Amino acid sequence: MPELPEVETVRRGLAPHLEGARLVAVRQNRPDLRFPFPDDFAARLTGATIQALERRAKYLLARLDTGETLVAHLGMTGRFTIEVDGEGETPGQFHYAAGADPKHTHLVLVTDRGVSVAYNDARRFGYMDLIATARLGEHPYFAGLGPEPLSDAFSTATLVSAFAARKQNVKVSLLDQRIVAGLGNIYVCEALHRARIHPERAAGDVTPAQLKRLTAAIRSVLEEAITAGGSTLRDYRTADGALGYFQHSFKVYGREDDPCAKPRCAGVVRRMVQGGRSTFFCGVCQG
DNA sequence: CCCACGACCTGTGGGC
DNA sequence: TGCCCACAGGTCGTGG
């Protein structure tokens, strides 16, 4: 679920509550998510102060004053929500993760500010780790990641170089986090539609002019989605439990059989499978 | 090297 | 109403 805009929205919602806060208690409700929690996880977090909450690709990074960074990936259904003490659905109690089944609340971080942060993840494809901050960049999670698409490090030249002579189709290539970091199935479909590029085109055959459009389309769709608080299909919520609303702006994702939204395009949105995932596109304007 | 596919896990929505 | 299948925002590993 959560792609870059959703993770960034969660980061922005959590940051005011977590930056500068000290963790006074940590409740860990099971030994693992997708992978085991690291050894002594709760003990290594308890007493730590979060100095900054950052994001790299789809990872949330909490910089701790202990020299370690708490790394969290939300997988498909992971969500972090805040709860102010005493303001839960039941007065005086925590509900932990608005709208989520509490049996999937796997971790609760209690701060010294009267605020707790709960991690809820029904499918448990998410994972967390504690990594020495000084060596974060060398860690396998991060060493191979491509540039942040909203940073100056990402440009048309990034794609020109990464796609040169690449035979893999452009859709699957954009999902490769080593080329550009943070895109997922929704925003790749939407960016390709904005840039009028057929998802089955070999990456190496996309023209420089199309790659320029694609670079701009990736930026614009991500920026607009962040402004909208991300996209909620099912599970995703912002940190305060609200729904995102960028899903109302989808032009192709989940819109099979709808008429193409491009002005003056007579096409119809179609669905196909690439790399085992649904691709939504217009076969007419995405030449 | 490339690609397709299954695995991980649970929930939901559609069709019958 | 109930059951079964397909499918879901992500990644990783295997085997052809």
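On a predicted model such as this, the values are computed, not experimentally measured, just so you know. Lettering follows sequence order; numbering is per chain, from 1. Note: hydrogens, waters and symmetry copies are ignored here, and every other heavy atom, side chains too, is used.
- Comparing dT12(B), dT11(C), dT10(B) against the side chain of His104(A) picks out dT10(B) as the nearest.
- Here Tyr141(A) pairs with Tyr59(A), Tyr127(A), His139(A) under the ring-ring contact (aromatic ring centres under 6.0 Å, His included) rule; sequence neighbours left out.
- Following rounding to the nearest Å, Asp235(A) (CG) and dT10(B) (P) show an atom-to-atom distance of 14 Å.
- With hydrogens and angles ignored, the 3.5 Å screen pairs a side-chain donor or acceptor of Glu190(A) with a backbone N or O of Tyr253(A).
- The side chain of Lys58(A) contributes an N or O atom lying less than 4.0 Å from OP1 or OP2 of dT11(C).
- Under the salt bridge (charged side-chain N to carboxylate O under 4.0 Å, His left out) criterion, Arg11(A) pairs with Glu8(A), not counting sequence neighbours.
- Residues satisfying the side chain to side chain donor-acceptor pair (under 3.5 Å) criterion with Thr9(A), sequence neighbours excluded, are absent altogether.
- Of the two residues contacting DNA chain B, namely Arg234(A) and Val172(A), the nearest-nucleotide position lying further toward the 5' end is that of Val172(A).
- Judged by distance alone, with hydrogens and angles left aside, the side-chain atoms of Lys167(A) form no donor-acceptor pair with the main-chain N or O of Ala203(A) at under 3.5 Å.
- If you check dG11(B), dT11(C), dT10(B) against the side chain of Asp101(A), the one that comes closest is dG11(B).
- Look at Phe125(A) and the base of dC8(B); the rings stack, centres closer than 5.5 Å and planes less than 30° apart.
- At least one side-chain heavy atom of Met272(A) sits under 4.5 Å from a side-chain heavy atom of Glu200(A).
- OP1 or OP2 of dT11(C) sits under 4.0 Å from a side-chain N or O of His73(A).
- Candidate nucleotides dG10(C), dT10(B), dC7(C) were compared by shortest atom distance to the side chain of Ser278(A), and dC7(C) ranks first.
- Here the separation of dA6(C) from dC5(B), taken at their P atoms, is 15 Å to the nearest Å.
- For Arg124(A), counting side-chain heavy atoms from C-beta on, the closest listed nucleotide (dC9(B), dA8(C), dT11(C)) is dC9(B).
- The CZ atom of Arg30(A) sits 12 Å away from the C1' atom of dC8(B) (whole-angstrom rounding).
- The hydrophobic cluster containing Tyr245(A) does not contain Tyr187(A), counting ILVMFWY residues as joined when their side-chain heavy atoms lie under 4.5 angstrom apart, directly or transitively.
- Heavy atoms of Tyr253(A) sit under 4.0 angstrom from primed sugar atoms or phosphate atoms, though from no base atom.
- A straight line from CG of Asp32(A) to P of dT10(B) spans 10 Å, rounded to a whole angstrom.
- Within the 4.0 Å cut-off from OP1 or OP2 of dG11(B), at least one side-chain nitrogen or oxygen of Lys103(A) is found.
- Under 4.0 angstrom from either OP1 or OP2 of dC7(C) there lies at least one side-chain N or O belonging to Arg271(A).
- The OH atom of Tyr236(A) sits 14 Å away from the P atom of dG10(C) (whole-angstrom rounding).
- Helical stems in DNA chain B, defined as runs of 3 or more consecutive Watson-Crick or G-U wobble pairs with both donor-acceptor distances under 3.5 Å, are listed by first residue as B:2-8 with C:10-16, B:10-16 with C:2-8.
- Within residues 174-185 of chain A, the residues that place at least one heavy atom under 4.0 Å from DNA chain C are, in residue-number order, Gln177(A), Gly184(A), Asn185(A).
- Residue pairs meeting the ring-ring contact (aromatic ring centres under 6.0 Å, His included) criterion with at least one partner in residues 197-228 of chain A, sequence neighbours excluded, are His198(A)-Phe281(A).
- Residues Val7(A) and Phe142(A) are members of separate hydrophobic clusters, defined by side-chain heavy-atom contacts under 4.5 angstrom among Ile, Leu, Val, Met, Phe, Trp and Tyr.
- Atom C1' of nucleotide dG10(C) and atom CD of Glu3(A) are separated by 9 Å, given to the nearest angstrom.
- Between the CZ atom of Phe35(A) and the P atom of dA7(B) there is a distance of 17 Å, given to the nearest Å.
- Between the CG atom of Leu33(A) and the C1' atom of dC12(C) there is a distance of 16 Å, given to the nearest Å.
- Comparing the C1' positions of dG2(C) and dC9(B) gives an interatomic distance of 23 Å, to the nearest angstrom.
- Looking at Lys58(A) and Leu74(A), their side chains never come closer than 4.5 Å, going by heavy atoms from C-beta outward.
- The side chain of Arg123(A) lies closest to dC9(B) when the candidates are dG10(C), dT12(B), dC9(B).
- Comment: Glu148(A) engages Arg55(A) in a salt bridge, judged by a side-chain N to carboxylate O separation of less than 4.0 angstrom.
- Between the C1' atom of dA8(C) and the CD1 atom of Ile186(A) lies a distance of 10 Å, rounded to the nearest Å.
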